[in-house]
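In what follows, a structure is listed as structure tokens, so that the remarks can point back to it.
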Amino acid sequence: MSERRKPYPFDAIEPKWQSLWDERRLFHAPNPGEPGFDPARPKYYVLDMFPYPSGAGLHVGHPEGYTATDIIARYKRFRGFNVLHPMGWDAFGLPAEQYAIRTGQHPEITTHENIARFKTQLKRIGFSYDWEREITTTDPTYFRWTQWIFLQIYNSWFNPDTRRAEPISSYTGDDSDSVRLAYVAEVPVNWCPELGTVLANEEVIDGKSEVGGFPVVRRPMRQWMLRITAFAERLIDELEPLAWPEGIKLLQRNWIGKSEGAEVQFPLAQVPDLPWAATRELEARATITVFTTRPDTLYGATYMVLAPEHPLVDRLTTNEKRDAVADYRAQVSAKSDLERTDLAKDKSGVFTGAYAINPASEERIPVWIADYVLMGYGTGAIMGVPAHDERDLEFARRYGLRIQEVVLPAAPGSAPVSGAGFGVSPKQAFPKVEVPDKVREGETPAPETGALPGSAPSAVLNYGDTAGHAEAFIDDGVAINSPLIDGLTTSEAKRRMTDWLEEQGLGRRTINYKLRDWLFSRQRYWGEPFPIVWRDGKHEAIPDSELPLLPPPLHDFKPTATGEPPLARAKEWVRYSDQATRELNTMPQWAGSCWYYLRYCDPENSSRFVGQEAERYWMSVEAGASPAGREPTLPRSPKAADTAAATLGGVDLYVGGTEHAVLHLLYARFWHKMLFDLGHLSTSEPFQRLVNQGIILGEDGRKMSKRWGNVIDPLDVIADYGADAFRCYEMFMGPLEQMKPWSMNGVEGVSRFLARVWRLLMEENQAGEWALSPTLAEIPPDKPQLKVIHATIKKVSEDIEALSFNTAIAQMMIFVNAFTTTASRPVAAMRTLLLLL
RNA sequence: GCCGAUGUGGCGAAAUGGCAGACGCAACGGACUUAAAAUCCGUUGGGCUUAACGGCCCGUGCCGGUUCGAGUCCGGCCAUCGGUACCA
């Protein structure tokens, strides 16, 4: 941009103060025991999600959250808190590695360059970070402890009795490797043949690689897994009290996906042409176990479906169907994930020839395989209840399977509870399709809706192939055609049915989670090496004394065609001893970000990942009361309830984007809980209060990206308007949480405002020099001025607490407008105004 | 499909159930200036009315409800954005 007149000399003011801040270590927070530490001050921890230092540098989106936290940090310091406000770098990861592959330059070099660029930008923006606590995940003094934490995980197991992680030494079983929280398993991964590498789920979009758009296939590989599923229950339960946006909590809950239900065993029916006569008897006693959330619909199970990959498939397929089944399985495994989801609307499957017995109705039902049943969830097998499940209905229609209705829609509140047909033998079940009288009586008459009591017996017909819009009734209602539970409401029926199954030894209550164990290894160069060696096909930890385990110096970082990790090229490094070789995989990028907030508490500690006293001090949950003992608690609008709940007291703050709602935030909580269980931490949750900043769009209203050429570099803005105008505009744009477009005119406006503030106090003479304005006077403010002054103090304090920075700035504008016209300005009022950002 | 968020001037946005549009941008008019920039002052949701001061009506995505009173609360839709996708 060309030479432009500065509305006020920010280019002189800002660098001057910024370097003074550094010199005086103004933002350094002393730890307990350090010089300058004042135990009388309460602590406050304001955390930003640390950035990945990419080659492109920061754009104006990054500093939005950083500006908000910076205001809070400064505000809390003014109020007498000992404030921890750190910054660091999440520097392992794919982009640096890919850049290295392209240019041959070692990722460490580019990483350092990128960090330097990011840091320059952040410093010029003028944030009040305690740079003495800066950390970098690729620094050996840091990842030494990432590796150490991995070994803690590796050396522990989840004790189901205590529901806690415990040292593996407390495990009394004989195969400790089978219960470790870090374990090795052969699992399908996203393999991209074109790129010759394995990709994380996040890097696969619609079955294609995010980079290049190449097809990705599932392929089994030996991988390290972390047993996050053991913590599923706690990850849900302990989410509840956190001051997080409800939306994020919901996202995590859904991701974990808890469903309560029952496992039910279906005995296989004897089939004449079972393939192995010798094992016929065994086969006859075999059962298929399914998971269902609707045990109350057991009588409606008219067929079963196994996932094509289900291990039982081979054993129960009849000779006659063997080829068809093999074909289908081949077809399915050839499908990419994309195709498999694409075909989701058109269900397919084949009959195995086998039959099972519905334990309730004792009816013989066919066993199919179909790819709409997933091996990875539940038991990999389902009972098909077409009348009450949309997917089952679609499948049953396509293959002409029987549809049996067993739940009747009930008018709300009218459901009868007693009078169940307990004691009726299930054998008598089928012929009768009788609606119990109680149901009929309870029903409110509603003749125009078809599916009410009188018409129930014929309801089955409604599902005929031609009735395209007849839908499965999946809501709660009243059980019918189910002798054991007829007349019971769905919830009651579920309970009775499950009780009955448990009594009969045919099933049990279970809870299932969508959450899978965390695939923790990557076939990449630029990540933390595992502190693990292999000896005789068995893994073992290397001693702590050998940490940090540095990656080998390599010149060729390219992934191999076979999926063998690039570390394999470092022959010397790989050889650990005559009998042992090193683990070749590296950890995923999330490893470093799982605990960085802990390291900030005590970044220099060389004997522990975080000192105990520092951890207790900074991570403690008790809301620090202000020294005066009266931290303002403010009533807020219900709209702002999320923020308001968290506004109270000194609850620590974590600000970042929604994109980490499930991944980083879930992984970090998981690690935190393990470390807590093992006695290394004083709290069981890492982040008490979370706020998401919204995305900043380009001026064209599109997401900022190189592709649209709408990316804005903070340094360009600062060159023209100064860092204060930049930060002030970021906050004035609108509510923090909201998505909003950038506007240079808006920056201009805010810059004018700051210039007006400047000119309230300063005046430019003929020579272009600034001097104190003669309008300043030692006079008391008049009544209306006093009113504005106090309104501003009140509004700004309240708004900062509530993170409503845009309205705080608006109020300060009102203040300034009120004083610009007056001929003489009360000095006291002007001093008050310098509550500014 | 499901889940979530959002919907107010030309634009970014304000508004404990109580005067809708604070504050800013843009636009227009004026002052200063030879002129411009900068700065300062004024007007700015729509419509009707008055010579004028002023007055009146309509307006917060759509339809309905609760209330003395609804942008705000309740019910039902619509649109946009984001997440998710056969999880039994």
Side-chain angles (χ1 to χ4, degrees), chain A residues 4-7 206 245-251 253-259 261-264 290-295 297 301 304-305 307 337 340-348 370-385 388-392 394-395 471 474 512-516 634-640 644 658-659 661-662 692 694-697 699 701 703 728-729 732-735 737-753 755-756 759 764 791 795 798-799 804 806-817 820-821:
Chain A
R4 73 189 337 270
R5 226 183 78 87
K6 308 275 189 287
D206 292 335
E246 276 311 315
I248 301 292
K249 288 197 204 176
L250 197 69
L251 231 52
R253 255 182 244 120
N254 291 344
W255 185 267
I256 297 167
K258 177 179 180 173
S259 19
E263 277 182 11
V264 186
V290 303
F291 173 74
T292 177
T293 53
R294 292 295 300 270
T297 62
M304 300 188 77
V305 185
D337 276 8
R340 204 159 159 168
T341 33
D342 237 21
L343 296 174
K345 278 151 207 138
D346 210 9
K347 299 212 176 357
S348 66
D371 67 354
Y372 84 94
V373 173
L374 310 172
M375 194 56 227
Y377 182 77
T379 62
I382 61 153
M383 60 181 203
V385 186
H388 305 291
D389 182 285
E390 282 172 30
R391 297 152 301 179
D392 293 348
E394 195 191 325
F395 190 74
E471 283 175 11
I474 57 170
N512 249 294
Y513 298 94
K514 278 200 277 189
L515 186 70
R516 314 289 166 79
L634 304 155
R636 295 300 308 169
S637 70
K639 227 176 171 178
T658 359
E659 66 272 20
V662 280
N692 292 120
I695 297 170
I696 294 184
L697 305 171
E699 294 214 66
K703 219 169 184 165
C728 201
Y729 172 67
F732 186 62
M733 291 173 79
E737 284 99 332
Q738 201 164 298
M739 179 191 297
K740 42 209 178 292
W742 186 265
S743 155
M744 274 307 175
N745 283 331
V747 183
E748 179 97 39
V750 169
S751 162
R752 277 204 283 264
F753 159 66
R756 275 204 297 279
R759 288 195 311 268
E764 195 172 20
K795 181 102 178 104
E798 286 177 2
D799 285 352
S804 303
N806 54 331
T807 50
I809 295 168
Q811 180 62 37
M812 290 190 278
M813 287 173 170
I814 292 171
F815 183 107
V816 171
N817 292 344
T820 33
T821 44

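Computed from a predicted model, the values in this text were never measured in an experiment. Per chain, numbering begins at 1; letters A, B, ... match sequence-line order.
Classified by its glycosidic torsion, B/G9 falls in the syn category, the angle being within 90° of 0.
Residue A/G749 is classed as a sugar-phosphate contact, given heavy-atom separations below 4.0 Å to backbone atoms only. Among the atoms of the strands shown, only primed sugar atoms or phosphate atoms (P, OP1, OP2) are found under 4.0 Å from some heavy atom of A/S259. Nucleic acid contact class of A/K740 (heavy atoms, under 4.0 Å, all strands): sugar-phosphate only. Using a 4.0 Å heavy-atom criterion, one finds that A/T293 contacts the sugar-phosphate atoms exclusively. A/R516 comes within 4.0 angstrom of a nucleotide base, judged by non-hydrogen atoms across all strands. Among the atoms of the strands shown, none is found under 4.0 Å from any heavy atom of A/D392. Within 4.0 Å (heavy atoms only), A/N806 reaches sugar-phosphate atoms of the nucleic acid but no base atom. A/E390 comes within 4.0 angstrom of nothing in the nucleic acid, heavy atoms only.
As a whole-Å value, the separation of A/L250 CG from B/U84 C1' is 12 Å. Rounded to whole Å, the distance from CG on A/L697 to P on B/C81 is 12 Å.
Side-chain contact check for A/T807 and A/D799: at least one donor-acceptor pair (N or O, by modelled atom type) lies under 3.5 Å.
Contact annotation: A/R756 side-chain N/O to B/A38 OP1/OP2 distance is not under 4.0 Å. In this structure, A/R752 reaches the B/C25 phosphate: one of its side-chain N or O atoms is under 4.0 Å from OP1 or OP2. In this structure, A/R253 does not reach the B/C3 phosphate: none of its side-chain N or O atoms is under 4.0 Å from OP1 or OP2.
For A/K703, the NZ atom is loosely surrounded, since the number of other residues' heavy atoms within 6.0 Å does not exceed 12.
A distance of about 25 Å separates the P atoms of B/U80 and B/G71, rounded to the whole Å. Comparing the C1' positions of B/U8 and B/G83 gives an interatomic distance of 26 Å, to the nearest angstrom. The same atom, P, is picked in B/G21 and in B/A15; the two are 13 Å apart, to the nearest Å. Comparing B/G10 with B/A22, their P atoms sit 14 Å apart, to the nearest whole Å. B/C11 and B/A27: their P atoms are spaced 15 Å apart (whole Å). Atom name C1', nucleotides B/U60 and B/G45: the rounded distance is 11 Å, in whole Å. Between B/A14 and B/C23, the two P atoms lie 14 Å apart (nearest whole Å). Here, B/C2 and B/U16 have their P atoms 34 Å apart, quoted to the whole Å.
Closest to the side chain of A/L251, from the set B/A88, B/A14, B/G83, is B/G83. Across B/A88, B/A14, B/G12, the shortest atom-to-atom separation from the side chain of A/Y377 is found for B/A88. Across B/C86, B/G24, B/A26, the shortest atom-to-atom separation from the side chain of A/K347 is found for B/C86. Of the candidate nucleotides B/A22, B/C81, B/A13, B/A13 has the atom nearest to the side chain of A/Q738. Comparing B/C86, B/G83, B/A15 against the side chain of A/D371 picks out B/C86 as the nearest.
A/K740 places a side-chain N or O within 3.5 Å of a backbone atom of A/P735 that can act as its donor or acceptor partner. Judged by distance alone, with hydrogens and angles left aside, the side-chain atoms of A/Y729 form no donor-acceptor pair with the main-chain N or O of A/W742 at under 3.5 Å. Panel note: side chain A/D392, backbone A/G384; no donor-acceptor pair is recorded below 3.5 Å.
For the atom pair CZ of A/F753 and OG1 of A/T820, the computed distance is 10.5 Å after rounding to the nearest 0.5 Å. Rounding to the nearest 0.5 angstrom, the gap separating the CG atom in A/L515 from the CG atom in A/N254 is 12.5 Å.
Note on ring orientation: taking the six-membered ring where Trp is involved, the planes of A/F291 and A/Y377 are perpendicular (angle over 60°, cut-offs 30° and 60°).
Residues A/R294 and A/N817 both approach RNA chain B. Their nearest nucleotides, taken by heavy-atom distance, put A/N817 toward the 5′ side. If A/M733 and A/K258 are placed on RNA chain B by their nearest nucleotide, the residue sitting closer to the 5' end is A/M733.
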How is the base pairing of RNA chain B summarised as a dot-bracket string, given the Watson-Crick and G-U wobble criteria with both distances under 3.5 Å, [ ] for crossing and | for another strand? (((((((..(((.....[....))).(((((.......))))).(((((....)))))..(((((..]....))))))))))))....
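Closest approach of A/V290 and A/T379 over heavy atoms only: CA-OG1, 3.3 Å.
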